[in-house]
Each structure stands twice: as structure tokens, then as C-alpha cells.
Asker: 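Sharing a structure, written as C-alpha cells. Questions coming.
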Protein chains: 2
Amino acid sequence: MRPGRTTPFALLGMLRLGPQSGYALRRELSAAAGLFWSESYGQIYPGLRELTRRGWAKRRVERGAGGGPRGRVRHRYEMTPKGARALQAWLALPPRRSAPRDELLLKLYLGDRDTVDAPSGWVRRLLLEETDRLRQVRRMMEILPRGTHAHRSLRHWLMALEFVERQSEASVAWCQRTLSTLELMQEANARRRTALQRRSPME
Amino acid sequence: MRPGRTTPFALLGMLRLGPQSGYALRRELSAAAGLFWSESYGQIYPGLRELTRRGWAKRRVERGAGGGPRGRVRHRYEMTPKGARALQAWLALPPRRSAPRDELLLKLYLGDRDTVDAPSGWVRRLLLEETDRLRQVRRMMEILPRGTHAHRSLRHWLMALEFVERQSEASVAWCQRTLSTLELMQEANARRRTALQRRSPME
DNA sequence: CGACTGATCTATCTGTCAGATATATACTCC
DNA sequence: GGAGTATATATCTGACAGATAGATCAGTCG
């Protein structure tokens, strides 16, 4: 299947919660699904244009609060019945997996003994990031059931978050184990270098 | 940071094992690192062109086995010392994380009670894929130490594979748990529909 | 030998996307 | 009233995925 074309549907999906501006759409999507889905800024407005072009959303132009002729122009998008059907059809389609592309792992694989010191810093950073991510997702999972969030199915949302939780847990565990391995390798490397230096001293 | 520009370095990294054709480069990369890194076909030749343009690789044109003037032209690329330095510099740079983009999770989040039946099929498919992936990575981790693979650092390679292993384990566990939850929801849904039908029968 | 088949190999094209950037208005706190 | 921040619309560049094209080579079967 051809690449993507998911952005318009993600936007459409967010419109189910009610009419929104492009900016708000992105903000809401990021707040609700940012842990497993991210939209690029550059795709929002082309995406919204496509929605109106296909008749899946209606664009309402409003004047800013000032009310005067120089008030800011705001665009509010609203899903049409046709758009609702298109969304349902897309939701029924099997999701596409993205190709694996992890630059950290690639660099680990391509590296060698001489590059052994840098990775531990990256792994430490990843450990911090994943720990934070884990905290975030657990907080969301706890808060969500109590909140009055407008959503369609809390249980599906929690499933998605649980996936993130498990992935992050696995990442954290890997980071910890890998860090200790890397430290052992660094020590061995340091000993090796010292030994070489003794055999052929610089001075 | 700007998008990628990792393809040329991935190719350069593979050239450390010796001169290769573009086709072989991609094959080797996929065999060794395909579980955590994938290269697009469309990037190979532009990438190789960039390597020669920058003086990081030399391109040797060879004739096919036929030897005649009509034999197939083969291009073999070889890393230059300048290329080796460029690779080292790139390897020392911190890796960039890709933005999360999981279409399955997005669809789960955007779906509702009426769309509840489709996801279980997707999750079942994911379970099969991840189980297979897990088998693959474990097999590689077992075979690698015995093999005579040309590589720079077996331990780094194994680290990368261990990451994949942990991620896949987490995915499998999530699939199993999610499948049972979805089945419960489907049953509840079926009961709800039957109840509705009883209250307002079609006939 | 010649036709067929599948693997090897080089290469291009299209559309999607990430990330940066530009620009301007509205609100808020001091 | 000024500074700083949030809201908002929008464009541009280059990287990238996936599909496709087209050619050559090796093996097989009749």
C-alpha cells in the first residue's frame, strides 16, 4: 500500500468531538494521543483543505472577539455526515505498520570498540526519557476514568495507553541492563588501553 | 533537527565490511539490521551518489562475468579514508528519536463501540507478527556468536537485538491481554444489541 | 538449442511527511 | 503601556516509503 494518507483521517477523527480550529485540533490530538501519535505542523492545513475539498468537513469563517472589521479571522471546521461515513470506512480498514527505524540501535550495530563510550550517554538519556514517558502514561491512565474528557470509548483509549506503558517498561528495563553491560565494556577497554600503553609507552 | 539524512551513513557503515554493490548493500543491511532498521529502495542509489559526490566512497565500474562488451555493468562501492572519518564523526553524534506514529493505536483511540469488532482481528494479526519477530530475533541471538559473520562488535549487535526482543515480548503480552478484553467487550456488545432488538423487533 | 522462470541489479517517480520557519493577533501580568 | 506568552494560519525544504520499470544473468525443462 502507498504511504500514509492518515493525517486527514486523524483530523477528521478529532472533529467528532465537535467543531474545532486547526490549531485546537492539533493541540487536542497531541494531548490525547501524543504518546502514540504525532502530527506534523506542516500537514494540518493541507489536511484540512483536503477535508473541505472532499466534502468531509465544512469550514466556517468567524470574526475574532473584537467584532470589528479588523478582527482576526478564525476558521472552524465541522464534520459533515459524509465525513462521518468516510471516517467509519477508514476506521474499518486494517492499520498499516510503519517500517522499523531506530537510529540508536543502528548506531549501536554500526559502532565498534572505539566508539564504545558515546552510546552509554545516549542510553542514559533514553532511560530518562522513557522513565518520564512511563510516568506520563501512568498518570493519564489513572486520571482518565475520573475526568470528564469528551471521548468515544474510554476502554479503547486505555488499551492504547497500556501498549505505550508496556513498551516503555521494556525500554526502561533494556536501558538499565544495557548500561551496566556498557560500563563493564568501558572498564575492560580502559584496562586494555592501559596495558597497550605500558607495552609501548609514549615517553 | 531536520529530518534524517541517515541513509548515506547507513550505507557507509555497511561499506566497512568491504566493497559492495548497492543491491548487496541493501541485502546485507536488511539481513543484519532489518529487525530494527529498514532502508527504502528509493534511497539507495541517491544515497550512493551522495557518498561518491562527497568523496566518502569510490565507485568502481566492472563488467559482468561474460566479459564481452555487452556484459552487464556492475557498480561496486568502496569506502575512502575520508568516508571512514565521516562515519566515525556521525557515529559519535547523538541519535535522533523518531516521532511516535502507531496507526493501530490511533484507530483504537478514534474508534467507538460500533467499531469494536474490527480491532480484534488486527490485534490477532499483530500477535502473529510479533510472535514471529520474537522467534526470528531469538534465533539470531543464538546463532550469531557461533557464526563467522563479519562484524565489528558482536556485543553491540546483541544489545540492539535484545532491545527488539524486549519490545516484541511486551507487544505479545499486550496483544494477549487486549484480545481477552476485546472479546469480553464483544460479548457485552452482542448482549446489548440483542436486548435492543427484543425491545424493538424488526418483524 | 530455445523458451521460460526467478534472482540479481540499477534506477526513477510520486506522494507523504517532519521539522523549521514566517507572520500576525489576542491575552495577561506587571 | 510594554513584555512576554498563547493562539492561529500558513508555507517551504528535503527526506523518505513504496511502487514500479527495465535489463541481465543462472538454471531448468522440453
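Order of the sequence lines fixes the chain letters, A, B, ..., with proteins taken first and strands second; residue numbering starts at 1 for each chain. All of these numbers come straight from a predicted model, not from anything done at the bench.
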Asker: Taking 4.0 Å as the cut-off, does a side-chain nitrogen or oxygen of B:Y41 come that near to OP1 or OP2 on D:dG18?
Answerer: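 No, because none of the side-chain N or O atoms of B:Y41 sits under 4.0 Å from OP1 or OP2 of D:dG18.
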Asker: Given atom CZ of A:F9 and atom P of C:dT16, what is their separation to the nearest angstrom?
Answerer: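 In whole Å, C:dT16 P lies 11 Å from A:F9 CZ.
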Asker: Does B:R96 place a side-chain N or O at less than 4.0 Å from the phosphate oxygens OP1/OP2 of C:dA18?
Answerer: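 False: B:R96 side-chain N/O out of range (4.0 Å or more) of C:dA18 OP1/OP2.
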Asker: Return the value, rounded to whole Å, for the distance between atom CD1 of B:I44 and atom C1' of D:dT20.
Answerer: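 After rounding, the gap between these two atoms is 16 Å.
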Asker: Which nucleotide, D:dG18, C:dT10, D:dA6, lies nearest any side-chain atom of B:Y45?
Answerer: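 From the listed options, C:dT10 comes nearest.
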Asker: When you measure from the centre of the six-membered ring of A:W90, is the NZ or CZ of B:K107 under 6.0 Å away and within 45° of the axis?
Answerer: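 The answer is yes; both the distance and angle limits are met.
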Asker: Using a 6.0 Å distance limit plus a 45 degree cone around the ring axis, check whether A:R54 lies over the aromatic ring of A:W56.
Answerer: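 Yes, a cation-pi geometry.
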Asker: Taking only the side-chain heavy atoms of B:H75 (C-beta and beyond), determine which of C:dC17, C:dT10, D:dA10 contains the nearest atom.
Answerer: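 The closest nucleotide is C:dT10.
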Asker: On DNA chain C, check which nucleotide each of B:A24 and A:W37 is closest to and give me the residue with the more 5' one.
Answerer: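 With B:A24 and A:W37 compared, the 5'-side residue is B:A24.
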Asker: Round to a whole Å and report the spacing from CZ of A:R76 to P of D:dT9.
Answerer: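 After rounding, the reported distance stands at 9 Å.
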Asker: So does A:R60 pair up with A:E78, basic N to acidic O under 4.0 Å?
Answerer: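 Counted as a salt bridge, because a side-chain N and a carboxylate O are separated by less than 4.0 Å.
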Asker: Do the side chains of B:E130 and B:R133 get close enough for a salt bridge, i.e. N-O under 4.0 angstrom?
Answerer: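 Judged by the 4.0 Å cut-off on N to carboxylate O distance, B:E130 and B:R133 do form a salt bridge.
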Asker: Choose from D:dA8, C:dA18, D:dC16 the nucleotide whose nearest atom is closest to any side-chain atom of B:T7.
Answerer: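 Nearest to the side chain of B:T7 among the choices is D:dC16.
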Asker: Over how many whole Å does the gap from A:L25 atom CG to D:dT7 atom C1' extend?
Answerer: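 Distance, rounded to whole Å: 14 Å.
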Asker: Is a salt bridge present between A:R135 and A:E165, judged by a nitrogen-to-oxygen distance below 4.0 Å?
Answerer: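 No, no charged N to carboxylate O under 4.0 Å.
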Asker: Would you mind telling me which of C:dT12, C:dG19, D:dT11 lies closest to the side-chain atoms of A:S40?
Answerer: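 Among C:dT12, C:dG19, D:dT11, the one nearest the side chain of A:S40 is C:dG19.
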Asker: A:G22 near the nucleic acid: base, sugar-phosphate alone, or nothing, with a heavy-atom cut-off under 4.0 Å?
Answerer: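 Answer is sugar-phosphate: A:G22 comes under 4.0 Å of backbone atoms only.
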Asker: Determine: side-chain N/O of A:Y23 to OP1/OP2 of D:dT7, distance under 4.0 Å, yes or no.
Answerer: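 Yes, such a contact exists.
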Asker: Distance under 6.0 Å and angle within 45° of the ring axis: does B:R101 meet both against A:F36?
Answerer: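 Checked: cation-pi criterion not met.
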Asker: Start at the 5' end of DNA chain C and walk down; is the nucleotide closest to B:R49 or to B:S98 reached first?
Answerer: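 It is B:R49 whose nearest nucleotide is closer to the 5' end.
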Asker: Can you figure out which of D:dA17, D:dA10, C:dT12 approaches the side chain of B:Q43 most closely?
Answerer: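 Side chain of B:Q43 sits closest to D:dA17.
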Asker: Which nucleotide sits closest to the side chain of A:S21: D:dT11, C:dC9, D:dT9?
Answerer: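 Among the listed nucleotides, the one closest to the side chain of A:S21 is D:dT9.
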Asker: Given D:dC25, is OP1 or OP2 found less than 4.0 Å from the side-chain N or O atoms of B:R74?
Answerer: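 No, no such contact exists.
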Asker: In terms of side-chain heavy atoms of A:A99, which of D:dA10, D:dG18, C:dC9 is nearest?
Answerer: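 Nearest nucleotide to the side chain: D:dG18.
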Asker: For B:R26, which contact category applies under a 4.0 Å heavy-atom criterion: base, sugar-phosphate, or nothing?
Answerer: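 Touches nothing.
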Asker: To the nearest Å, give me how far apart CG (A:L11) and P (C:dT16) are.
Answerer: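 For the pair A:L11 CG and C:dT16 P, the rounded distance is 14 Å.
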Asker: Nearest whole angstrom, please: distance from the C1' of D:dC16 to the CD of B:E39.
Answerer: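 About 9 Å, once rounded to whole Å.
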Asker: Quick check on C:dC17: is either OP1 or OP2 less than 4.0 Å from any side-chain nitrogen or oxygen of B:R101?
Answerer: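 Indeed, a polar side-chain atom of B:R101 lies that close.
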Asker: Report the nucleotide, chosen from D:dA17, D:dT9, C:dC17, that has the shortest atom-to-atom distance to any side-chain atom of A:T6.
Answerer: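 The nucleotide sitting nearest to the side chain is C:dC17.
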Asker: Send over the distance from A:L51 CG to D:dT9 C1', rounded to a whole Å.
Answerer: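 That distance rounds to 16 Å.
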Asker: Compare side-chain N and O positions of A:R5 against OP1 and OP2 of C:dC17 and report whether any pair is under 4.0 Å apart.
Answerer: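 Yes, because at least one side-chain N or O of A:R5 sits under 4.0 Å from OP1 or OP2 of C:dC17.
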Asker: In whole angstroms, how far is the C1' atom of C:dT10 from the CZ atom of B:R27?
Answerer: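 About 14 Å, once rounded to whole Å.
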